[in-house]
Amino acid sequence: MKIRHVILAAALSLLPALAHAEAKLADFSLAERIKAKIAAGQPLDIYVSYHDVSNEFAPFMKAGVQRAATSDKVNAQFIGPVGADADGQISEIETLMGKMDGLAISSVSTDALAPLIDKVIAAGIPVVTFNTDNPESKRLAFAGQDLVQLGREAGKLMAKVLGGKGKVMITTIDAAAQWSLDREKGAREALKAEPGIEVVSTLNTGTDPQKIYSAIENAMLANPSISGVLSLECCSTPAAGTWVERNKAADKVKVVGFDLLDQTVQLVQSGDVQATIDQAPEKQGFAAVDLLVQFLKGQAIENLDTGVGVYTKENIAEVAKK
C-alpha cells in the first residue's frame, strides 16, 4: 500500500509543470488555403508525426489518433519514421506541408525539429506537440507529461522498492532520444538524493526485442551486484522482467518501468516487475488531434496534462480485466 501512496503524489506533482498560456486562432496567421477549407466546411487534414512508428508503443498512439478522427470528423494520418530518425521525420513533414491543415508532432530530437516546427508555424499551419514536448519552438500547446518530472517519480519509485539501498542499472531503447534524456535526467536526480543507491550504468539496448533481452542479460552477467533495473520506456521493461522471471531473481532484482504492454502487465501480476508507469498513450494520440481541431474551430487551447497511472501487483488487476 505504501507504493500506491507514492503513485498518487507523483500524478499530482506533474500538473504544475505544464502550465502555459492559452493559444488563440485570433492571434494566429492562418494560411489562406486552410481558411478557405474551413469556410467551405471541408474535412480538415491533420497529420500526427510520431518519433518512431515501429516501436511497440506506437499502436496505442495510433488508436487514439483514429478515435479522434472519428470523433472530430477529420482526416487524421499517423506518420513518422521507422526507427528514431530525425532527418527522416523532417523530410516527411516537409513533403506534406502543402497538404496539412494542422500538425501534431512528437520529436525525435527537440534541437533538430524545433526549426521545422517554427517553419510550419510560419507557413500558417498550426502545430502542437504530444508525448515529447518541444518547448523552445513556437508550438501552440503540448499534450502529455513533464518527462523530467516523470523520470524523477520513476527514480523515487525505484528507490522505494529497493528500500533505499542498492545498485541500479537504467535501461533505454534510445539513449540519445530527447524523451530518454529527459527521463534519465529526472531519474538520476531522484536516485542521487538517495545515499544508499548507486547508479552503475545506463544501458542503451536498441529497439530489436531479442537484442534488448540479450543486452540486459549480458549486463546482468557482467555486474551481478545490480539489484534494481529502471527502464525508461515500454520495451526494455518486459525484457528486464523476463530476465528476472527466467532467473527466479524476484527476491534479488527489482524492476520499475513504463507502459502497459500485455507482457508487462503479466510480469507485474507475477511479481517479476514491481511497478510500471502508464503514459496514457491512447489519450495522448487523441489529444494531439483534438487540440488542433479545437484551435481551428476558434477555441482557445493550452497545454494538456494527460495524467499518470502507476500500477503494482496491488492494482494491476484493473488493467488485466480490460
Side-chain angles (χ1 to χ4, degrees), residues 1-11 150-173 180 183-205 212-279 308-320:
M1 294 301 291
K2 290 182 179 178
I3 291 176
R4 196 165 184 180
H5 293 326
V6 172
I7 290 163
L8 295 175
L150 195 61
R152 290 191 190 103
E153 300 303 338
K156 291 176 185 177
L157 192 54
M158 182 85 261
K160 186 74 175 178
V161 300
L162 286 175
K165 296 179 181 180
K167 293 186 177 182
V168 174
M169 176 174 68
I170 295 173
T171 64
T172 175
I173 59 173
S180 183
R183 284 187 194 158
E184 183 175 356
K185 177 183 177 182
R188 283 183 174 271
E189 286 177 4
L191 292 170
K192 188 177 181 180
E194 299 287 339
I197 290 182
E198 175 190 356
V199 178
V200 298
S201 64
T202 296
L203 180 67
N204 188 23
T205 66
I212 293 172
Y213 182 84
S214 295
I216 291 172
E217 183 176 47
N218 291 336
M220 297 302 289
L221 287 171
N223 194 339
S225 65
I226 291 171
S227 56
V229 179
L230 176 55
S231 165
L232 298 179
E233 30 60 35
C234 65
C235 307
S236 64
T237 301
T242 299
W243 183 90
V244 170
E245 180 184 44
R246 289 178 180 175
N247 289 273
K248 296 180 172 55
D251 59 332
K252 298 176 182 178
V253 179
K254 308 300 180 184
V255 178
V256 171
F258 281 84
D259 302 320
L260 294 170
L261 299 183
D262 289 346
Q263 190 178 8
T264 299
V265 172
Q266 293 168 8
L267 289 163
V268 173
Q269 287 179 304
S270 67
D272 295 303
V273 170
Q274 273 59 55
T276 189
I277 302 173
D278 177 31
Q279 299 177 73
V308 175
V310 181
Y311 293 91
T312 67
K313 198 171 184 178
E314 295 177 347
N315 63 345
I316 196 67
E318 299 170 14
V319 177

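For the pair Ile173 and Ser236, the tightest heavy-atom approach, listed with the atom from each and the gap, is CG2-N, 4.3 Å. Between Gly164 and Glu194, the shortest heavy-atom contact is CA-OE1, 4.3 Å. Between Leu150 and Phe258, the shortest heavy-atom contact is CD2-CE2, 3.5 Å. Ser225 and Lys167 make their closest contact through OG-CD, 3.3 Å (heavy atoms, listed as atom of the first residue, atom of the second, distance). Contact record, Ile216 with Ala240: CD1-N, 3.7 Å, taken as the closest heavy-atom pair. Between Pro238 and Leu267, the shortest heavy-atom contact is O-CD1, 3.4 Å.
No donor-acceptor distance shorter than 3.5 angstrom exists from the side chain of Lys248 to the backbone of Val244, with no hydrogens or angles considered. For Asn218 (side chain) and Ala215 (main-chain N/O), no donor-acceptor pair under 3.5 Å exists by modelled atom type.
Residues Val229 and Trp243 have side chains not in contact (no heavy-atom distance under 4.5 Å, counting atoms from C-beta outward). Using a 4.5 Å cut-off on side-chain heavy atoms (C-beta onward), Lys160 and Gln274 make no contact. Using a 4.5 Å heavy-atom threshold, the side chains of Val308 and Ile277 count as touching. Side-chain contact between Thr264 and Asp259: absent, with no pair of heavy atoms (C-beta onward) separated by less than 4.5 Å. The side-chain heavy atoms of Thr237 and Leu261, taken from C-beta on, include no pair separated by under 4.5 Å. Side chains of Arg188 and Ile170 form a contact here, defined as non-hydrogen atoms less than 4.5 Å apart. Looking at Asp272 and Val255, their side chains never come closer than 4.5 Å, going by heavy atoms from C-beta outward. Using a 4.5 Å heavy-atom threshold, the side chains of Leu260 and Ile316 count as touching.
At a threshold of 4.0 Å, the pair Glu153-Lys156 counts as salt-bridged, since one of the basic side-chain nitrogens sits closer than that to a carboxylate oxygen.
Here OG1 of Thr171 is found 10.0 Å from CD of Glu184. Values are rounded to the nearest 0.5 Å. Rounding to the nearest 0.5 Å places OG of Ser231 at 8.5 Å from CD1 of Ile212. With rounding to the nearest 0.5 angstrom, the CE atom of Met158 is 8.0 Å from the CG atom of Leu191. Rounded to the nearest 0.5 angstrom, Leu203 CG and Met220 CE are separated by 10.5 Å.
Of the listed residues (Val256, Val200, Ile197, Ile226), just one forms a side chain to side chain contact (heavy atoms under 4.5 Å, CB included) with Val168, and that residue is Ile197. Paired with Ser180 under the rule side chain to side chain donor-acceptor pair (under 3.5 Å), one option of Asn204, Thr172, Thr202 passes, and it is Thr172.
With sequence neighbours excluded, the residues forming a side-chain contact (heavy atoms from CB on, under 4.5 Å) with Ser227 are Leu162, listed by chain and number.
Around atom CG of Asp262, no more than 12 heavy atoms belonging to other residues, nucleotides or ligands sit under 6.0 Å away.
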Q | side-chain hydrogen bond (donor to acceptor under 3.5 Å, both in side chains) between Gln263 and Thr242, worked out | A | CA-CA 9 Å; Gln263 190 178 8; Thr242 299; 2.9 Å; yes

